[in-house]
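Data first, discussion second: the structure below is written as C-alpha cells.
Nothing here was measured: the structure is a model prediction, and the numbers come from that model. Indexing begins at 1, ligand by ligand and atom by atom, following the structure's order.
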Amino acid sequence: AKPAGRHFHKGRHLWAPLTLADLEAINLCERALPKNFNFAGDVLDQWSEKEKTGERPANPALWWVNGKGDEVKWSFQELGSLSRKAANVFTKPCGLKRGDRVAVILPRIPEWWLINVACIRTGLVFMPGTIQLRAKDILYRLQASKAKCIVISEELLPAVESIVSECPHLKTKLLVSPHSRDGWLSFQELFQTASEEHSCVETGSQEPMAIYFTSGTTGTPKMAQHSQSSLGIGYTLCGKYWLDLTPSDTIWNMSDTGWIKAAIGSMFSSWLQGACVFVHRMAQFDTDTFLDTLTTYPITTLCSAPTVYRMLVQKDLNRYKFKKLRHCLTGGEPLNAEVLEQWKTKTGLELYEGYGQTEVGIICANQKGQEIKPGSMGKGVQPYDVQIIDDNGNILPSGKEGEIALRLNSTRPFCFFSEYVDNPEKTAATIRKNFYVTGDRGVMDSDGYLWFVGRADDVIISSGYRIGPFEVESALIEHPAVIESAVVSSPDPIRGEVVKAFVVLSAPFKSSNPEKLTLELQDHVKKSTAPYKYPRKVEFVQELPKTVTGKIKRNVLRDHEWGRA
Ligand code: BCO
C-alpha cells in the first residue's frame, strides 16, 4: 500500500496535507496509515484553511446554546486559535508534557471541546468522564490512570477536593469557572493571557490520544485506550455513510461528554466531514425543550439514544415542525421496531440505528440509502468484517445465535482501541481465535443484517448506559441495611432495561418500611456512585440463589425478571 499523508513536495507548503480522500482510503485499507497523524493539525486546521479560501460554507464548527439565551458560535479558524491558547495553558503554567494523562470531567460547555482539541495539539492523553461521577469514582480514575491533571467545573469541586490528597500523581488541578478557588488554577484567567502561537505536536499515528473507562461484569472499570488514528481517522466513513454529513450539515448528538458517543458524534465523525456540531446544555433532559430545540435551530442531523426516541414518540409530535431535520440516528442500546415505525409515521423520517462499543466504535449500522429492516441494527460497516461466532471461535451460519465478533487480519485494525491499560489479561480476553469478541450476543440473517439479542455477560445496558452490576453491588453493600445483593437487568418500556437489585437485609432493618428503605438505598447509591447506575427497582429477599461454591447466580434472577425462568 502507498503511504498516505505528509509527503514532501516543492512549493509554498512543506508537505501536502492529508485529504479526506486519503483518510477514506486508509479506512478502506487501500492506503497505509501515515507514521504521524494529529487530528488538530491534519483535520481541523485543514478545515480552517478551507474556510479562508471559501471552500467550506459559512457554517460554524461549534454552535453551543444553553436555553437561557447564551450562545457560542466558533468557526474552525476560531476553534483553531482558541484551542492553541488552551494548548499553551496546558504546556506553560500547567507544565504538562506529551503523554501525560488529563482527566476531563466537564458538562456540555464549549471548554470541553477546546480542552480536548488542546490535548490533541499538545499530545496529552485526555480521559473524559461524566459529571455524574462521584468522589469514589473519580478517586479510582485518578489513581488507576496516575493522571497528572484534572479539569473540572464547579459542580464537582466538593467531590474532587475530598479525594485529591489520595492522588500523589496529580500535579495540576484546573478549574473551569468564572470564580477562582484556592489550590486550583483558573482556566479562564490563564486562558486570557495565553498566546495564540502554538505548534501542533507531530504525534505518531499509534500514539495514545484518549482513555475511556468502561464497565464490565466484575471489578472496577477498565481503561480502554485509543490512539491518535483510531479516533482521529477511524470515524471518517462513519461520518460520511452513517451520519451522512457534509460541511453544510449541523449535527446534534445528545450524548454526555463522558461517553465515546460524544467523541464520535460531537467531535471526530462530524469534524472529519467539516460539519457543524450543535450542543444544547440542558441541565436536565426534558422532551419539550428537546423538541423546541429541533423546531428553533437548523439542525439537519440528530443522534440520540433509543430511550430518548421512546420518550419522544409518547408526545404529540404533530405540534412540532422541525426546522431542517432530515437524518435521524440512534445507538448505545437496542432500538425497538415499534419505536422506529412510530417515529417514521409521526415525523416522516427514518431512524438509522448504529451499533458499537467504546473499544471499537461503530461496527454495524443502517447506513443512508440502505434498506432498513425494523428491529435489526443493520449490516457490518467497512472496514469491519462482522461475524457471529461460537464459544470456540467458529463462524455460525445465518439464523444461529452466537457472539458478535470482528474478524482480525494479521495486524490489529488501527481503528481498534490499543489496549486496556495495565490489564493485559482483559485485553487478551477480547480475542478468540482470529476474532475480537464484543461480549454481545446476536444473530445474522441470510441478507447479512444483524439482530441484537443481549449481553453475553452480566453487564446491564440501560438508557444507553453500560452498567457493571458489581459497581452497584459495591455501593449497596456500604449501606448498613445490606448484607448482600445481586444486581441484574430488568425489562423497562422506556429505558429498555433498568437496574434491579435483589437485597438481603441485615437483622436491624428486616422490619423497615420497604418503600422508605427502597428510596433510602436508591439515594445512597446515587451519592456513592454515578446516579445513572442507581437501582430503579429493588426487591428484598431472604436469600440469593448461589452455586455450591457460594457464587451468586445472577443469571437465575435475570431470567426470572425477563420471564425466561
Ligand atoms: O430518572 P431519575 O430522575 O430517577 O434519576 C436520574 C437523575 O435525576 C439522577 N441524577 C442525576 N444527577 C443527579 C441525580 N440524582 C441525584 N443527584 C444528582 N446530582 O440520576 C438519574 C440519571 O439517569 P439518566 O442519566 O438516565 O437521566 P435522565 O434525565 O432520565 O436522562 C435520560 C437520557 C436518555 C437523556 C439519558 O439516560 C441518556 O443520556 N442516555 C444515553 C447515554 C449514552 O449516551 N450512552 C452512550 C454510551 S457510548 C456507547 O454506547 C458506545 C457506542 C459506540
Side-chain angles (χ1 to χ4, degrees), residues 105 107-108 128-135 137 154-156 158-159 212-215 221 224 226 230-231 234-235 238 242-243 252-266 268-269 280-287 289-290 302-312 314 329-335 339 353-365 377 381 384 404 415-417 438-440 452 455 459-467 472 475 492 494-499 518-519 522-538:
I105 314 177
R108 295 177 186 95
T130 166
I131 56 152
Q132 288 198 30
L133 293 177
R134 297 303 198 215
D137 306 314
E154 273 179 12
E155 297 91 325
L156 282 174
Y212 282 87
F213 285 78
T214 163
S215 296
H226 275 280
S230 63
L231 293 179
Y235 288 105
C238 171
W242 184 48
L243 301 177
W252 185 20
N253 168 61
M254 262 283 299
S255 193
D256 181 277
T257 53
W259 313 117
I260 197 140
K261 207 154 152 281
I264 300 174
S266 302
F268 295 107
S269 294
H280 191 312
R281 187 192 176 181
M282 260 186 262
Q284 180 76 38
F285 175 74
D286 162 58
T287 44
T289 312
F290 191 95
L302 174 68
C303 187
S304 214
T307 294
V308 170
Y309 290 101
R310 283 193 284 266
M311 291 172 174
L312 294 180
Q314 316 278 321
L329 305 122
T330 195
E333 51 167 326
L335 171 73
V339 175
E353 185 177 355
Y355 158 82
Q357 295 191 325
T358 302
E359 287 84 343
V360 290
I362 300 296
I363 60 176
C364 68
M377 44 196 198
V381 298
Y384 288 130
I404 304 171
C415 30
F416 266 44
F417 75 120
T438 60
D440 289 325
F452 189 84
R455 283 290 303 171
V459 170
I460 300 157
I461 302 176
S462 175
S463 325
Y465 296 118
R466 194 169 136 158
I467 300 168
V472 187
D492 184 81
I494 296 293
R495 292 175 188 270
E497 47 191 72
V498 289
V499 174
T518 295
L519 290 175
Q522 290 175 326
D523 198 43
H524 165 78
V525 174
K526 284 182 180 180
K527 288 196 175 102
S528 169
T529 189
Y532 69 85
K533 298 180 208 166
Y534 87 88
R536 287 175 186 269
K537 295 182 185 172
V538 176

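Rounded to the nearest 0.5 angstrom, Ser255 OG and Arg108 CZ are separated by 7.0 Å. Within the model, atoms CE of Met377 and CG of Leu335 stand 11.5 Å from one another, a figure rounded to the nearest 0.5 Å. Rounding to the nearest 0.5 Å places OH of Tyr465 at 11.0 Å from NZ of Lys533. Between Leu302 atom CG and Leu312 atom CG the span is 8.0 Å, to the nearest 0.5 Å. Expressed to the nearest 0.5 Å, how far OG1 of Thr529 lies from NZ of Lys527 amounts to 14.0 Å. Taken from CD1 in Ile467 to CD1 in Ile461, the straight-line distance is 9.5 Å, to the nearest 0.5 Å.
When each of Thr438, Thr214, Ile260 is paired with Glu359, the side-chain contact (heavy atoms from CB on, under 4.5 Å) condition holds for Thr214 and for no other.
Close approach to Val308 involves these atoms of ligand 1, each under 4.0 Å from a residue heavy atom: 34 (C). Heavy-atom contacts of Gly332 reach the following atoms of ligand 1: 50 (O) (cutoff under 4.0 Å). Close contacts of ligand 1 with Gln132, meaning ligand atoms under 4.0 Å from a residue heavy atom, involve 22 (C), 25 (O).
Here the protein heavy atom with the shortest distance to atom 20 (O) of ligand 1 is Pro531 CB, 3.2 Å. Residue, atom and distance of the protein heavy atom nearest to atom 29 (O) of ligand 1 are Gln284 NE2, 3.2 Å. If you check which protein heavy atom lies closest to atom 22 (C) of ligand 1, you get Tyr532 CA, 3.7 Å. Counting protein heavy atoms only, atom 31 (O) of ligand 1 is closest to Phe285 CB, 4.0 Å. Shortest contact from atom 47 (C) of ligand 1 to any protein heavy atom: Gly464 O, 3.5 Å. Closest to atom 4 (O) of ligand 1 among all protein heavy atoms lies Tyr534 OH, 2.5 Å.
Residue Arg536 places a heavy atom under 4.0 Å from ligand 1. Proximity of Glu333 to ligand 1 is not established, as no heavy-atom distance is less than 4.0 Å. In this structure, Tyr355 does not count as a contact residue of ligand 1, since none of its heavy atoms falls inside 4.0 Å of the ligand.
At least one N or O atom of Arg495 sits closer than 3.5 Å to an N or O atom of ligand 1. Not one N or O of Thr358 is nearer than 3.5 Å to an N or O of ligand 1, by distance alone.
For atom 45 (N) of ligand 1, a protein heavy-atom neighbour is present inside the 4.0 Å cut-off.
Considering Ile363, Val525, Ile260, Thr307 only, the shortest heavy-atom separation from atom 49 (C) of ligand 1 involves Ile260. Of the candidates Ala305, Ser463, Gly354, the one placing a heavy atom closest to atom 40 (N) of ligand 1 is Ser463. When Lys526, Glu155, Arg134, Lys527 are checked for heavy-atom proximity to atom 19 (N) of ligand 1, Arg134 turns out nearest. Between Tyr212, Tyr309, Tyr465, it is Tyr465 that holds the heavy atom closest to atom 38 (C) of ligand 1.
The two residues Met254 and Phe290 make their nearest non-hydrogen contact at CG-CE1, 3.3 Å. The shortest heavy-atom contact between Cys238 and Ser269 is SG-OG, 3.6 Å.
Taking a cutoff of 4.0 Å between a charged side-chain nitrogen and a carboxylate oxygen, Glu333 and Arg310 qualify as a salt bridge.
Counting heavy atoms from C-beta outward, Arg536 and Val499 have side chains that stay 4.5 Å or more apart. A heavy-atom distance below 4.5 Å is found between the side chains of Arg134 and Pro531.
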